[in-house]
K.L.:
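Sending over a structure as structure tokens; questions will come in a sec.
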Amino acid sequence: MTVGAPDPGALVERAFDGHKRSIARLISRCEDARPEAGAARDALFLTLARSSRRRHGVTVGITGTPGAGKSTLVGGLAPAMVRRASEDHRVAVVAIDPTSPISGGALLGDRTRIRFALDEPRLFFRSQASALALGGIAPTTWPVVRLLTHLFDTVLIETVGIGQSEVDVRALADHLVLITAPLAGDHVQFMKAGVMEVPDRIVLNKCDQQQAARASWSALRASVRMLRPGGDAPRLHRVSAQTGAGVDDLADALIALPRDPTTLASAALSRRAERLRRRVRDRFGTWGLDRIAAADLEAWLAADEDDGVWRRILSTVTPDDTAG
Amino acid sequence: MSNQDAHRLYDADGSPTRDRPWILRTYAGHTTAAASNALFRENLAKGQRGLSIAFDLPTQCGYSSDHDIARPEVGKVGVPVNSLDDMHALFDGIPIDEMNTSMTINGTSMWLMALYIALARERGVDESKLRGTTQNDLIKEYLARGTYIFPPDASFRIIAEMYEYALERVPKFNPSNVCSYHLQEAGATPVQELAFALATAVGVLDLLKERGEFDEEAFERAVGRISFFVNAGIRFVEEMCKMRAFTALWDEITRERYGVTNPKYRRFRYGVQVNSLGLTEAQPENNAWRILIETLGVTLSRDARCRALQLPAWNEALSLPRPWDQQWSLRLQQILAFETDLLEYPDLFEGSKVVESKTQALIEGARAELDRILAMGGVRAAVESGALKEALVASMSDRVSRIASGEQIVVGVNQWTDGLPSPLVQGDDGGVFRVDPEATKAVLDQLARTKADRDEAAAQAALDTLRAAAREGTNMVEPSIACALARVTTGEWADALREVFGEYRPVTGIDGQQLALEDDRVIKLRARVDALATSLGHRPRIVVGKPGLDGHSNGAEMIAVAARHVGFDVVYSGIRLTPEQIVQSAVEEDVDLIGLSVLSGSHLELVQQTMDALARADATDIPVVLGGIIPAADVEALKAMGVRATFTPADFSLTDILDRIVDVVAA
């Protein structure tokens with residue numbers, strides 16, 4: 001099964017059937033860094049977009065500090081979604097682990113806590129190494145997630161940790177969930193200060209630790225209302241990944257997220273455009289933003305990958321450079 | 001009294017005397033209860049004075065022999081015990097009221113103690129006469145050995161309830177044994193071994209105190225029941241000092257932390273198995289000398305002499321030992337105890353400045369480390385946070401790096417590697433022991449008979465009572481004995497408690513670890529991996545898997561750490577996975593290679609299961625390599641199944657192993 005294979009049709013059909021090996025091979029195509037892989041990828045996305053079997057998955061970013069219990073929670077949440085959805089609901093998880101700056105290798109360890117049932121075609125788990133990219137999202141996360149939204153109804157993206165990763169996952173995810181543990185309550189302070197993204201949903205995990213959980217719950221409730229003046233406050237959940245309490249409610253809430261394909265697509269485009277504008281501002285300041293003010297980034301993005309659009313932006317901002 | 005010689009031992013009447021020897025043991029058990037019974041009787045006839053029982057992995061992990069994950073392991077590393085019927089067969093003709101029976105059992109320790117007591121009741125033996133030990137040290141299981149079942153809180157509750165039951169009713173029984181043996185096998189330095197073991201003992205005693213079931217007098221006796229099981233490595237002078245440090249620190253802790261006034265209850269009582277980690281596959285006959293030297297470390301000094309000793313066999317790096325190999329080790333003990341003059345003298349090292357200073361240094365290091373663990377909230381918190389595991393993996397990485405660089409000499413391995421072929425491995429059996437595959441059928445037949453003959457309603461009622469006790473927080477020992485008498489099976493007992501307590505998955509400890517190894521070969525290897533990444537279009541990914549019940553994860557963890565060190569992306573998910581689960585990971589992650597690690601002797605079965613699962617997943621193109629204790633005779637069979645490379649303890653160089661793994665991926 002060579003990567004340059006021009007017709008991905010057979011693989012795609014088997015992937016729609018839930019055949020794990022085929023799904024995994026397609027993901028690898030989206031991760032393939034060889035120059036010649038780009039054409040195969042374009043062909044793949046064309047095939048997917050035209051298929052009547054394609055799904056329109058919602059992407060959910062899962063962030064939180066190490067130790068908040070993200071993996072254990074995802075391990076319970078994904079099967080609960082599959083179990084509780086009224087019709088065939090497929091869930092994929094993409095978990096990102098940090099790459100060692102010394103060797104370039106990574107330990108993909110999330111499977112330690114996530115053990116999905118064997119041969120369950122509605123669940124799929126894939127690890128990614130962050131590959132030294134800033135921000136806790138791998139360079140290939142976007143094409144992989146895009147692929148999976150064609151094959152699954154929900155794609156959970158579990159990030160490395162907290163900090164820069166929300167900024168990036170925010171651009172990828174239709175919905176952002178922050179997992180926090182009792183007595184780890186600095187997040188809200190960071191959000192208020194604008195250092196941290198405001199999520200759509202905050203999940204207080206480890207609520208089996210009762211005393212601490214009660215105190216943290218009250219503090220959270222009191223403070224989230226002030227996070228988005230004029231907008232919707234993040235929804236709050238209390239769960240215990242250990243005992244399973246509250247996990248079903250969270251699963252139901254995620255199943256019930258808005259799933260209209262047109263709305264999702266346009267929201268995704270504006271998020272990606274927003275992310276690129278931020279990159280422009282970080283690199284060139286408001287001068288750079290002025291230079292691209294007239295450009296219709298959304299339209300560019302509808303036709304091209306982020307990297308291609310970024311090159312186009314660079315040549316717009318600094319047309320004299322050989323942009324790279 | 002004044003005429004006594006300083007070099008002689010005198011009894012209470014002032015007559016010259018000689019010490020009684022330690023308890024001579026052989027760690028034994030295999031195949032079936034009946035076969036193990038025959039072996040025990042043989043060993044007792046050869047002059048062995050106590051029993052040390054090895055259980056097979058399903059029994060240790062709480063599965064009956066007919067469970068899927070159990071099948072490849074039945075009778076391999078020890079005896080299978082499914083029910084009280086097996087206990088009757090195991091102890092047939094052996095007077096249990098005269099026997100000191102040590103059981104290497106942890107996750108299911110309460111069940112084995114209950115079975116032993118139930119056996120006494122059915123035989124009409126007074127249970128208060130029972131002497132022995134259930135190992136029951138879960139900390140080292142979480143850290144190194146892997147036969148835990150329940151989470152730390154539930155495991156500690158089980159330990160506490162066993163003390164609370166046994167102290168009055170089976171007063172000569174040690175319900176748990178703090179076991180630092182496997183910590184050294186996992187790479188612990190002497191200071192870490194001291195500190196982690198003492199922290200474990202403190203964890204048990206603090207809990208007993210907190211539960212408040214004992215008054216002060218009873219608590220002192222409970223302290224007196226705490227015994228230790230220690231490792232003795234090749235640095236035998238330091239090891240002897242370690243035993244002296246243990247003795248001093250235990251006296252200090254029991255006196256200062258627990259206010260124990262009676263010196264008898266403050267004595268550091270310990271048994272030993274000398275080190276298996278340092279035993280080599282290369283020139284295996286050298287191991288006989290290593291075992292002898294390690295034995296000296298725990299016998300030479302009278303003040304720090306072990307109370308019981310079991311020796312590994314010279315060929316443990318090759319396979320499970322045969323009865324003859326074990327006899328050879330037992331003879332070593334007998335020569336030392338009965339032929340030599342060792343037991344005629346008082347302590348040989350009293351007043352030695354060197355020994356005193358070395359011991360003091362160990363004491364101070366261990367005290368600081370122990371304080372650090374207690375400051376983390378005690379041993380349970382330190383295990384759950386992963387701090388202890390990370391420390392051990394780091395020590396192990398250091399050791400491996402030192403051997404690889406030649407800084408630490410291992411004769412026959414990285415020095416003087418040219419040797420004449422060993423006649424010891426020339427026999428028809430290749431110098432290794434094989435379990436008769438037909439014997440599993442006998443075990444399964446007996447299990448089926450037990451279930452068919454029992455009063456089913458009574459068995460289920462006993463299980464209900466056990467579950468209720470577990471939920472309500474009342475003592476589970478008597479309900480477990482009732483289960484034993486009702487012919488409940490090992491798997492049923494453990495499942496009932498799994499329902500209540502859940503199963504535990506500890507942190508693997510390898511995240512964030514670095515090897516100290518940085519040399520030209522590592523740099524070259526990284527360049528090879530980078531080149532491979534360019535040609536593949538992705539960084540090469542491998543799954544490192546530990547299939548089955550074997551929990552000895554050190555080797556797999558070292559490979560995982562080393563593979564990332566040279567630039568692989570590595571999926572490692574810890575122990576106790578089925579081959580099917582490992583294959584699912586490999587398929588979903590679309591890996592370039594699967595590396596399996598098996599030390600239990602079940603490699604043929606587990607590899608076949610893996611290959612079958614790969615075929616079902618349309619993934620037979622993913623290459624499989626295997627590491628572990630693999631007899632040379634099996635290599636061809638493994639190759640025929642499709643294994644692309646096999647690694648044994650002779651392949652001590654991580655760089656060599658990874659080089660060959662890159663070859664396989666690139667092929």
Side-chain angles (χ1 to χ4, degrees), chain A residues 1 3-4 14 19-37 40 66-67 71-72 75 92-93 95 97-100 102-120 123-132 138 140 242-244, chain B residues 151 385-386 502 505-508 510-515 518 522 525-526 529-530 533-544 560-574 577-578 580-592 613-614 616-619 621-622:
Chain A
M1 218 175 288
V3 173
R14 297 208 72 190
H19 185 251
K20 286 180 187 291
R21 176 79 161 151
S22 301
I23 298 169
R25 298 315 294 249
L26 289 179
I27 295 174
S28 297
R29 285 194 183 189
C30 294
E31 292 177 337
D32 193 331
R34 287 175 292 186
E36 65 269 27
S71 303
T72 311
V93 178
D97 285 297
T99 286
S100 154
I102 296 167
S103 71
L107 184 72
L108 308 172
D110 273 325
R111 283 182 175 273
T112 310
R113 291 197 173 71
I114 298 185
R115 302 239 169 131
F116 292 153
L118 285 175
D119 306 321
E120 167 55 82
L123 286 172
F124 193 92
F125 184 98
R126 178 73 166 229
S127 309
Q128 277 202 320
S130 67
L132 306 184
T140 54
Q242 199 76 45
T243 65
Chain B
S385 73
R505 295 216 65 78
V507 286
T508 59
I510 66 172
D511 204 6
Q513 294 284 348
Q514 288 294 335
L515 275 187
E518 286 294 342
V522 169
L525 199 46
R526 271 193 203 136
V529 173
D530 285 344
T534 307
S535 73
L536 291 171
H538 63 261
R539 201 154 267 288
R541 267 191 303 272
I542 62 172
V543 162
V544 176
V561 169
R564 186 185 49 171
H565 187 64
V566 301
F568 283 92
D569 283 343
V570 181
V571 179
Y572 173 65
S573 309
L577 294 159
T578 63
E580 290 77 10
Q581 286 171 316
I582 292 169
V583 165
Q584 174 148 321
S585 292
V587 166
E588 290 189 345
E589 303 290 357
D590 196 17
V591 298
D592 300 294
L614 280 170
R616 281 196 303 275
D618 306 316
D621 55 319
I622 302 178

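Labels below follow one simple rule: chain letters A, B, ... track the order of the sequence lines, proteins then strands, and each chain is numbered from 1.
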K.L.:
First locate atom CZ of Arg126(A), then atom CD1 of Ile27(A), and finally report the distance between them rounded to the nearest 0.5 Å.
P.N.:
4.5 Å

K.L.:
Using non-hydrogen atoms only, which part of Ile23(A) is less than 4.5 Å away from chain B: side chain, backbone, both, or neither?
P.N.:
neither

K.L.:
With only heavy atoms counted, which part of Arg616(B) is less than 4.5 Å from chain A, the side chain, the backbone, both or neither?
P.N.:
neither

K.L.:
Rounded to the nearest 0.5 Å, what separation is found between the OG atom of Ser127(A) and the CG atom of Asp590(B)?
P.N.:
12.0 Å

K.L.:
First locate atom CZ of Arg21(A), then atom CG of Leu614(B), and finally report the distance between them rounded to the nearest 0.5 Å.
P.N.:
8.5 Å

K.L.:
Determine the sole option in Val544(B), Val543(B), Ile542(B) for which the side-chain contact (heavy atoms from CB on, under 4.5 Å) test with Tyr572(B) is passed.
P.N.:
Val544(B)

K.L.:
Between Val587(B) and chain A, which part of the residue has a heavy atom less than 4.5 Å away: side chain, backbone, both or neither?
P.N.:
both

K.L.:
Heavy-atom pairs under 4.5 Å with chain B: which of His19(A), Gln128(A), Arg115(A) has the most?
P.N.:
Arg115(A)

K.L.:
Pair Arg539(B), Asp592(B) - check salt bridge (charged side-chain N to carboxylate O under 4.0 Å, His left out), show working.
P.N.:
CA-CA 10 Å; Arg539(B) 201 154 267 288; Asp592(B) 300 294; over 6 Å; no

K.L.:
Checking Leu123(A) against chain B: side chain, backbone, both or neither under 4.5 Å from a heavy atom?
P.N.:
backbone

K.L.:
For chain A, find which of Glu580(B), Gln584(B), Glu589(B) contributes the most heavy-atom pairs closer than 4.5 angstrom.
P.N.:
Glu589(B)

K.L.:
What part of Ala92(A) lies closer than 4.5 angstrom to a heavy atom of chain B: side chain, backbone, both or neither?
P.N.:
neither

K.L.:
Name the region of Ala619(B), side chain, backbone, both or neither, that has any atom closer than 4.5 Å to a heavy atom of chain A.
P.N.:
both

K.L.:
Could you verify whether a donor N or O on one side chain and an acceptor N or O on the other, from His538(B) and Asp569(B), lie under 3.5 Å apart?
P.N.:
no

